[in-house]
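In what follows, chains are A, B, ... by sequence order, proteins preceding strands, each numbered from 1. The structure presented is a predicted model; accordingly, all values stated were derived computationally and were not measured.
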2 protein chains.
Amino acid sequence: MEKNSCIRQQADIEQINRCKDTVSELNDSFDYLANGLSLVGNSVRLKILYLLFEEKRLCVCDLSDILGMNISAISQHLRKMKDRNLLETERDAQTIFYSLTAEYEKMLNPFFEMLDKNKILETI
Amino acid sequence: MEKNSCIRQQADIEQINRCKDTVSELNDSFDYLANGLSLVGNSVRLKILYLLFEEKRLCVCDLSDILGMNISAISQHLRKMKDRNLLETERDAQTIFYSLTAEYEKMLNPFFEMLDKNKILETI
DNA sequence: TATGTATTTAAGTATTTGCTTAAATAAGAA
DNA sequence: TTCTTATTTAAGCAAATACTTAAATACATA
């Protein structure tokens, strides 16, 4: 397991202990936030999120058509994001429309703006 | 393949075509941004990034000790982030210190602030 | 030079993720 | 009720990812 293997002379024991405390205190937050970011860190889901940001609401069928992907595959992506509260749904007869939740629209806004300006590939 | 299967009567053809255009125009940006976010969307890497945000610089050995993980595993995470320009290195004798690049420190700041306040689990 | 320390890299394995296919559920219309 | 449309769910497979172990590289010092 190689734990506590940092034996270099200059190692700052206080710093390491402070960091260990931080990690154990915030451990659940790290997991939760990382899980949320991993949902956004998939190009299919990022496209869905951005399209919902621009169009306000879309159904599985629309997204399947737009992205050229299987309805089932899209549905499974949507479910993951709904489960994690990135998305919410409203039913309109047989059609279920997905939209961004207000809190995630706000949180993801800086990224959407980068995409809006299509500046990603130049600035990062 | 089930493409162009969105045949519901209310489907807004103009909206769908507009979305298709957006996706094809921004396709590389989506991939690039999603790839960057997927690096952050891993709890080990998120911890590393946050620790570097707080401590300014740490070496593989420190991080291995703090996170209780194999040095090799940490080194491989660091490499991925350095390759994608989230991190930079400076050598100090035999020790290689990693730190956040200025642009990603800025980009990730809102998330670090949430962690700082340890408000993740309450507010999201 | 040889030895020790710090780190990276390569190869293999195990887990996770995304997509496909097929079946199931849900709602409206005939 | 039966048929059609819209969507979700379950099961299986293939690709991607994270971690382990062992070997390699890089630098410092005796």
Side-chain angles (χ1 to χ4, degrees), chain A residues 1-12 16 30-31 34-48 57-84 87-98, chain B residues 1-12 16 30-31 34-48 57-84 87-98:
Chain A
M1 276 298 173
E2 281 198 57
K3 290 184 185 182
N4 286 69
S5 56
C6 191
I7 44 161
R8 59 183 231 281
Q9 296 189 325
Q10 303 94 327
D12 180 341
I16 287 176
F30 282 124
D31 287 349
N35 177 263
L37 288 166
S38 76
L39 288 178
V40 189
N42 168 284
S43 71
V44 173
R45 288 191 294 263
L46 183 62
K47 284 169 194 165
I48 292 172
R57 60 175 223 174
L58 291 165
C59 68
V60 217
C61 189
D62 291 330
L63 288 163
S64 156
D65 198 349
I66 294 162
L67 300 174
M69 284 176 65
N70 200 306
I71 289 184
S72 171
I74 300 291
S75 178
Q76 288 172 72
H77 282 301
L78 291 171
R79 188 184 202 291
K80 283 188 182 180
M81 294 192 281
K82 192 189 174 190
D83 284 350
R84 241 316 284 273
L87 302 183
E88 60 198 358
T89 53
E90 66 183 313
R91 179 180 276 278
D92 187 343
Q94 283 149 288
T95 306
I96 293 168
F97 286 99
Y98 284 80
Chain B
M1 278 296 175
E2 282 198 56
K3 291 186 184 180
N4 286 68
S5 56
C6 190
I7 45 160
R8 61 182 229 281
Q9 295 189 325
Q10 304 94 327
D12 180 341
I16 288 176
F30 282 125
D31 288 348
N35 177 263
L37 288 166
S38 76
L39 288 177
V40 189
N42 168 284
S43 71
V44 173
R45 287 191 296 262
L46 183 62
K47 283 169 194 165
I48 292 173
R57 59 174 222 174
L58 292 165
C59 68
V60 216
C61 188
D62 292 330
L63 288 164
S64 156
D65 198 349
I66 294 163
L67 299 175
M69 284 177 64
N70 199 305
I71 289 184
S72 170
I74 300 291
S75 178
Q76 287 172 73
H77 282 300
L78 291 171
R79 188 184 203 290
K80 284 189 181 182
M81 294 193 282
K82 192 187 175 194
D83 284 351
R84 241 317 281 273
L87 302 183
E88 59 198 359
T89 54
E90 65 183 313
R91 178 180 277 277
D92 187 343
Q94 282 149 288
T95 305
I96 293 168
F97 287 99
Y98 283 81

field: CG-CD1 distance between Leu63(B) and Ile74(B), expressed to the nearest 0.5 angstrom
entry: 6.0 Å
Inter-residue atom distance Tyr98(A).OH - Thr89(A).OG1, 0.5 Å rounding: 6.0 Å
- line: Per atom distances to the Cys61(A) side chain, the nearest of dT7(D), dA11(C), dA18(D) is dT7(D)
- request: Rounded to the nearest angstrom, tell me the gap between atom CG in Asp65(A) and atom C1' in dT5(D).
  value: 16 Å
task: Identify which nucleotide among dT7(C), dC19(D), dA11(D) has an atom closest to any side-chain atom of Ile96(B), counting heavy atoms from C-beta outward.
output: dT7(C)
Under 3.5 Å, which N/O atoms of the protein pair with N/O atoms of nucleotides 27-30 of chain D?
residue	atom	partner	partner atom	Å
dC27(D)	O2	Gln94(B)	NE2	3.3
dA28(D)	O4'	Gln94(B)	OE1	3.3

- line: In whole angstroms, the gap separating C1' of dC19(D) from CG of Leu67(B) amounts to 14 Å
message: If you assign each of Thr89(B) and Ala73(A) to its closest nucleotide in DNA chain C, which residue comes earlier from the 5' end?
response: Thr89(B)
Nearest-0.5 Å distance, SG of residue Cys59(B) to CD1 of residue Ile71(B): 8.0 Å
Nucleotide dT8(C), atom P - distance to CG of Leu78(B) in whole Å: 7 Å
Going by atom type alone, with no hydrogens or angles, which donor-acceptor pairs under 3.5 Å involve a side-chain atom of residues 34-48 of chain A and a protein atom two or more places apart or on another chain?
residue	atom	partner	partner atom	Å
Asn35(A)	OD1	Arg84(A)	NH1	3.2
Ser38(A)	OG	Asn35(A)	O	2.8
Asn42(A)	OD1	Val44(A)	N	3.0
Asn42(A)	OD1	Arg45(A)	N	3.0
Ser43(A)	OG	Asp31(B)	OD1	3.4
Arg45(A)	NE	Leu39(A)	O	2.7
Arg45(A)	NH1	His77(A)	ND1	3.1
Arg45(A)	NH2	Ser38(A)	O	3.3
Lys47(A)	NZ	Asn27(B)	OD1	3.1

- prompt: Does Gln76(A) get its side chain close enough to the base of dT20(C), under 3.5 Å, for a donor-acceptor pair?
  reply: yes
field: Rounded interatomic separation in angstrom, taking CG from Asn70(A) and C1' from dA6(D)
entry: 14 Å
message: Rounded to whole Å, please give me the gap between CG in Leu63(A) and P in dG18(C).
response: 16 Å
query: Counting side-chain heavy atoms from CB outward, which of dT8(D), dC19(D), dT8(C) is closest to Val60(A)?
result: dT8(D)
message: Between Asn42(A) and dG18(C), is there a contact of a side-chain N or O with OP1 or OP2 at under 4.0 Å?
response: yes
task: Establish, with yes or no, whether the OP1 or OP2 oxygen of dA6(C) is under 4.0 angstrom from a side-chain nitrogen or oxygen of Tyr98(B).
output: no
message: Walk me through whether Arg57(B) and Asp62(B) qualify under salt bridge (Lys or Arg N to Asp or Glu O under 4.0 Å).
response: CA-CA 10 Å; Arg57(B) 59 174 222 174; Asp62(B) 292 330; over 6 Å; no
- prompt: Should His77(B) be listed as having a side-chain N or O under 4.0 Å from OP1 or OP2 of dT17(D)?
  reply: no
field: Sugar-phosphate, base or nothing in reach of Lys80(A), heavy atoms under 4.0 Å
entry: sugar-phosphate
message: I need the CG-P distance between Asp83(B) and dT8(C), as an integer number of Å.
response: 11 Å
message: What is the separation between atom CD on Glu90(A) and atom P on dA6(D), rounded to the nearest whole Å?
response: 17 Å
message: Just so I know, are the side chains of Glu88(B) and Lys82(B) near enough to count as touching, which here means a heavy-atom distance under 4.5 Å?
response: no
query: Taking only N and O in the side chain of Arg79(B), is any of them less than 4.0 Å away from OP1 or OP2 of dT8(C)?
result: no
- request: Locate the shortest heavy-atom distance separating Ala73(A) from Met69(A); write the atom from each residue and the value.
  value: CB-CE, 4.0 Å
query: Looking at dT8(D), does its base get a donor-acceptor pair with the side chain of Ser72(A) below 3.5 Å?
result: no
- prompt: When rounded to the nearest 0.5 angstrom, what distance separates CG in Leu58(A) from CG in Leu78(A)?
  reply: 9.5 Å
field: Nucleotide dA23(C), atom C1' - distance to CD1 of Ile71(A) in whole Å
entry: 15 Å
